[in-house]
Amino acid sequence: MIEDENLRVCPKCGSKNLIWKQDEGEIVCQDCGYVFSSEIIDTGPEWRAFDAEQKERRARGGSPLSILKPNKGLVTEIDQYNKDARGSKIPVKYQQELQRTRKWHRRANIANAFEKNLATALEELDRLVSNLNLPRSVAEEAAHKYRIAAKKQLIRGRLIESVVAAIVYLVCRQANIPKTLDDIAKATRSSKKDIGRAYRFIKRALSEKVPLSDPLNYISRYASQLNLSEKVAEEAKKIILEAKEKGVLSGRGPTGIAAAALYIAAARLGEKKTQKEVAEIAGITEVTIRNRYRELKEQLNIEDISD
DNA sequence: AAGACGAAAGTGGTTGA
DNA sequence: TCAACAACTTTCGTCTT
């Protein structure tokens, strides 16, 4: 992925000294610390054209693949009546043979449906993973899990897109890759609600264990998007670690905690950002930052921001 | 004028009877 | 299945810089 022409140069400082942090799904500039988030890459010139074209095509006629889906009028059926094309009865001695044909036809169709379903899913998976700039291992793990889910008939009545997104989310969580449900939802056409529902269902059905997501994972991404220095990120991580020890964080959303810690750290090191700025990047509101900030201040003797 | 603060009411999802 | 509940959001008035 990093071999791609468009991604060779840091958009901020022009450096070519980039590394791909597989485990976090991010590309980081070694010189200025800039993190290529999926959003930044999405709006890049080459990608946008590609994306828009694809979107348009889909909007106009549905994806090219949809015609391959079952029940679009392309499936042939052999009906249950033992009549030939003119409507006259078929001789009994041929009926058994017909029955056999019917059976194989049905089996072939089922196998095809399964394969087609899988093909659609894998295509969608591929698209999602590259849109979100996730490492290859995620795609492979997700494909594996999808296959299992499909075999267990867990997809019934759910949009393939939602299930794929749900599984990607699940794999990210397990790999501690800081992507929120919101991030994933933005890269698909399914709603957050749908994906969440599919996620919970799949998680339960496959009895997958998912660790609680850690605020620490979000720090470097937010810090980069806010143009904050590496020092601030480190400071924020310290704050979170300290808070963890005192057990202040339970039950709170990880993004809110990360945002508040960054807010404090930035102010402390003279790179102050407004609550609004931080809130926007973290996808939460100012109120939540204030609440977390207040809690952190009470529990760990943190000085006031204004000085 | 913009940022920070917090109260109050609303939202969507989880949990437990 | 429904009501209580926690976390978070929206909205708004007030105070501070």
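Every chain is numbered from 1, with letters handed out A, B, ... down the list of sequences.
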Return the [atom1] to [atom2] distance between [X] and [Y], rounded to the nearest 0.5 Å.
{"X": "A:Leu216", "Y": "A:Leu241", "atom1": "CG", "atom2": "CG", "result": "5.0 Å"}
{"X": "A:Arg158", "Y": "A:Asp194", "atom1": "CZ", "atom2": "CG", "result": "9.5 Å"}
{"X": "A:Asn131", "Y": "A:Asp126", "atom1": "CG", "atom2": "CG", "result": "10.0 Å"}
{"X": "A:Thr120", "Y": "A:Glu161", "atom1": "OG1", "atom2": "CD", "result": "11.0 Å"}
{"X": "A:Lys203", "Y": "A:Lys209", "atom1": "NZ", "atom2": "NZ", "result": "8.5 Å"}
{"X": "A:Ile160", "Y": "A:Ser190", "atom1": "CD1", "atom2": "OG", "result": "10.5 Å"}

Please determine, for the side chain of A:Arg252, which listed nucleotide (C:dT10, B:dC5, C:dA7) has the closest atom?
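Closest nucleotide to the A:Arg252 side chain: C:dA7.
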When you get a sec, tell me which of C:dT10, B:dG3, B:dG13 is the closest nucleotide to the side chain of A:Thr285?
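Minimum distance to the A:Thr285 side chain belongs to C:dT10.
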Pair A:Glu234 + A:Lys231, salt bridge at N-O below 4.0 Å:
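Looking at A:Glu234 and A:Lys231, the cut-off is not met.
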Provide, to the nearest angstrom, the distance between the [atom1] atom belonging to [X] and the [atom2] atom belonging to [N].
{"X": "A:Phe201", "N": "B:dT14", "atom1": "CZ", "atom2": "P", "answer": "15 Å"}
{"X": "A:Lys276", "N": "B:dC5", "atom1": "NZ", "atom2": "C1'", "answer": "16 Å"}
{"X": "A:Asn291", "N": "C:dA6", "atom1": "CG", "atom2": "P", "answer": "15 Å"}
{"X": "A:Glu280", "N": "B:dG3", "atom1": "CD", "atom2": "C1'", "answer": "15 Å"}
{"X": "A:Gln275", "N": "C:dT16", "atom1": "CD", "atom2": "C1'", "answer": "13 Å"}
{"X": "A:Ile289", "N": "C:dA7", "atom1": "CD1", "atom2": "P", "answer": "18 Å"}
{"X": "A:Leu181", "N": "C:dA7", "atom1": "CG", "atom2": "P", "answer": "19 Å"}
{"X": "A:Ile257", "N": "C:dA7", "atom1": "CD1", "atom2": "P", "answer": "11 Å"}

How is the base pairing of DNA chain C summarised as a dot-bracket string, given the Watson-Crick and G-U wobble criteria with both distances under 3.5 Å, [ ] for crossing and | for another strand?
|||||.|||||||||||
Is there a side-chain polar atom (N or O) of [X] under 4.0 Å from OP1 or OP2 of [N]?
{"X": "A:Lys272", "N": "B:dA4", "value": "yes"}
{"X": "A:Tyr263", "N": "B:dA4", "value": "yes"}
{"X": "A:Arg292", "N": "C:dC8", "value": "yes"}
{"X": "A:Arg294", "N": "B:dC5", "value": "no"}

Output a table of nitrogen or oxygen pairs between the protein and nucleotides 12-15 of chain C separated by less than 3.5 Å.
none

Check A:Leu262, A:Ile257, A:Ile284, A:Thr274 against A:Ile289 for a side-chain contact (heavy atoms from CB on, under 4.5 Å) and give me the one that passes.
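Of the listed options, the one satisfying the test is A:Ile284.
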Check step by step if side-chain contact (heavy atoms from CB on, under 4.5 Å) holds for A:Lys273 and A:Ile281.
CA-CA 11 Å; A:Lys273 297 285 171 186; A:Ile281 295 294; over 6 Å; no
Assign A:Arg197 to base, sugar-phosphate, or nothing according to its heavy-atom contacts below 4.0 angstrom with the strands shown.
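Counting heavy atoms under 4.0 Å across all strands, no contact is made by A:Arg197.
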In chain order, what residues pass the salt bridge (charged side-chain N to carboxylate O under 4.0 Å, His left out) check against A:Lys145, with sequence neighbours excluded?
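Once residues adjacent in sequence are excluded, the partners of A:Lys145 under the salt bridge (charged side-chain N to carboxylate O under 4.0 Å, His left out) criterion are A:Glu141, A:Glu208.
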